[in-house]
Number of protein chains: 2
Amino acid sequence: MKVLLIDDDIELVELLTEYLSSHGFSITAYHRGDTGLSHAQTHDYDVILLDVMLPGIDGFEVLKQLRQTKLTPVIMLTAKGEDFDRIFGLELGADDYLAKPFNHRELLARVKAITRRIENIQQLANNSLEENGIRLTPHTREAFAAENKIELTGTEFEILFLLLNNQGEIVSKEAISEQVLGRKLAPFDRSIDMHVSNIRKKIAEHIEQEKIKTVRGAGYILLGSA
Amino acid sequence: MKVLLIDDDIELVELLTEYLSSHGFSITAYHRGDTGLSHAQTHDYDVILLDVMLPGIDGFEVLKQLRQTKLTPVIMLTAKGEDFDRIFGLELGADDYLAKPFNHRELLARVKAITRRIENIQQLANNSLEENGIRLTPHTREAFAAENKIELTGTEFEILFLLLNNQGEIVSKEAISEQVLGRKLAPFDRSIDMHVSNIRKKIAEHIEQEKIKTVRGAGYILLGSA
DNA sequence: AAAGCAATTTACATAACCTTTACATTGCTT
DNA sequence: AAGCAATGTAAAGGTTATGTAAATTGCTTT
């Protein structure tokens, strides 16, 4: 994870660099608005930490110009006692703010939250739910096993989707019947067994290890990655 | 811009509806988590404002379930004094949060900030769309398949246009009926099937590969480049 | 009113696919 | 080991959605 830090407080920059580095981030720092901006415009970061009060051009202006070309998430940092216009920041496209002096742990939490959110959005933009070699994209109803496309029928897709959403947990046949087939499970209804059998067959063409485990008397489980 | 508001505070809902309406948004409101969720899952909004404390199911659960199928940006609203786990909300895929009581201008700024960001992301995604051999010019209503002009009727053009704008995604017959034909899809209405059949025939004169795929029980999908 | 189109409906063929049946197998209990 | 219930699955059956030619309707133009 790459973080760009634009702040003229040398001491703070050093502290943060050390702290974030020790948590697995790689940090690049600039101390002026103008130079920081041109660097940000030409390089890709996962998050930018941007001080409001900066030599060169101020943080708001940096954000405004940056937003004309980049969507990189920005957390704005405000100096102690500084009168910060949060609404203005939001309108310019800031993603979060933090008032100095701030707790390092809180900064870390926010950076992580933002990077995770970006990941989530990208994942959702691909529309995929990926786990242990099984990937489903609800939007297009496509399914992949170990990156090989498999053709599932509507019901098969829904069942696998349900299992994937409850990965590692037992899903009862009753639940599958009600949620996917839309009816109560009748005593000798073997329909779900058949669907599961067919799904397994299709997955097995690409993945050797059995993914859908039967829990006798209880239901089915989609095994987790471990 | 369409906003879905899920909040059980009737008074707040009325105030917000009035305020946001006056700024050009159209508002739909639900007062329970369960009903709000099922509506959100089946309709498209630009932003969802979601209260955390809700009758039915709580806001976190609504968000979690919604995120399984929809990308709609969500701003979470927290009641006064409520202990809100912000990081948890972000992890579930919330896009922002706001503590009550909040300033209306701030809410508006955040809604606008989010819709703008989403637009940007969508724009970026569209720019990377590859050519798939189908080209429509809405202005002159001309259609081309592999650069050969094809003659489409008005309805055919509209349907193909809709599919193209949702390239790679399933478009249901219901959606086509409502958006193109301007009426609800009736039980034995085969009109859309015929239009699709005719469009396919015309495309097939110039492109061998089937472009419009049927997803049984779900709708049609215009395939991307691959 | 006839002609010309486009949209829709009808009618039937076909394909997809869900379910049932039937029998084999597994796993648990006694 | 026997017995029983649950599960696996191939094959058959039946239902529903879809494809499409052809007829019909509806609208506009001539």
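Order of the sequence lines sets the chain letters (A, B, ...), proteins ahead of strands, with each chain counted from 1.
As a whole-Å value, the separation of A:E210 CD from D:dG8 C1' is 11 Å. Nucleotide C:dT20 holds its P atom 11 Å from the CD1 atom of A:I192, rounded to whole Å. Taking atom CD1 of B:I212 as the reference point, atom P of D:dT20 lies 11 Å away to the nearest angstrom. The CE-P distance, from B:M194 to D:dT25, rounds to 17 Å in whole Å. C:dA7 atom P lies 14 Å from atom CD1 of B:I176, rounded to whole Å. Atom-to-atom, CD1 of A:I199 to C1' of C:dC18 comes out at 13 Å; the value is rounded to the nearest Å. Rounded to whole angstrom, the span from the CG atom of A:N198 across to the P atom of C:dT20 amounts to 15 Å. One atom, CD of A:E174, and another, C1' of D:dT7, lie 14 Å apart when rounded to the nearest Å.
Taking side-chain N and O atoms only, A:T153 has no distance below 4.0 Å to OP1 or OP2 of C:dC17. Contact annotation: A:H195 reaches the phosphate of C:dT19 (side-chain N/O to OP1 or OP2, under 4.0 Å). Look at B:T155 and you won't find any side-chain N or O under 4.0 angstrom from OP1 or OP2 of C:dA6. For B:R216, no side-chain nitrogen or oxygen approaches OP1 or OP2 of D:dT16 to under 4.0 Å. In this structure, A:K173 does not reach the D:dA6 phosphate: none of its side-chain N or O atoms is under 4.0 Å from OP1 or OP2. Close to D:dG19, at under 4.0 Å from its OP1 or OP2, lies no side-chain N or O of B:K201. At the phosphate of D:dG8, OP1 or OP2 sits under 4.0 Å from a side-chain N or O atom of A:Y220.
Salt-bridge check for A:R141 with A:E158: passed, with a basic side-chain N closer than 4.0 Å to an acidic carboxylate O.
No donor-acceptor contact under 3.5 angstrom links the side chains of B:S197 and B:R190, judged on distance only.
Looking at the side chain of A:T214, the nearest of the listed nucleotides C:dT20, D:dT18, D:dG8 is D:dG8. Comparing atom distances between the A:L181 side chain and each of D:dG8, C:dA11, C:dT19 picks out C:dT19 as nearest.
Ring pair B:H195/B:F157: centre-to-centre distance not below 6.0 Å.
Applying the 6.0 Å contact sphere to NZ of B:K2 captures more than 12 heavy atoms from other residues, nucleotides or ligands.
When the nearest nucleotides of DNA chain C are assigned to B:F188 and B:E156 by heavy-atom distance, the more 5′-ward of the two goes with B:E156. Between B:S197 and A:A218, the residue whose closest nucleotide on DNA chain D is further toward the 5' end is A:A218. Both B:L152 and B:D189 lie near DNA chain C, and the one whose nearest nucleotide falls closer to the 5' end is B:L152.
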>> Under the criterion salt bridge (charged side-chain N to carboxylate O under 4.0 Å, His left out), I'd like the reasoning laid out for A:D193 against A:K173: C-alpha separation, chi angles, the key distance, then a yes or no.
In response: CA-CA 9 Å; A:D193 304 67; A:K173 288 191 191 181; 2.7 Å; yes
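Pairing for D:dT28 is with C:dA3, a Watson-Crick or G-U wobble pair whose two hydrogen-bonding atom distances lie under 3.5 Å.
In this structure the side chain of B:L49 reaches within 4.5 angstrom of the side chain of B:V3, judged on heavy atoms.
For B:R190 against D:dG19, a side-chain N or O and a base N or O form a donor-acceptor pair under 3.5 Å.
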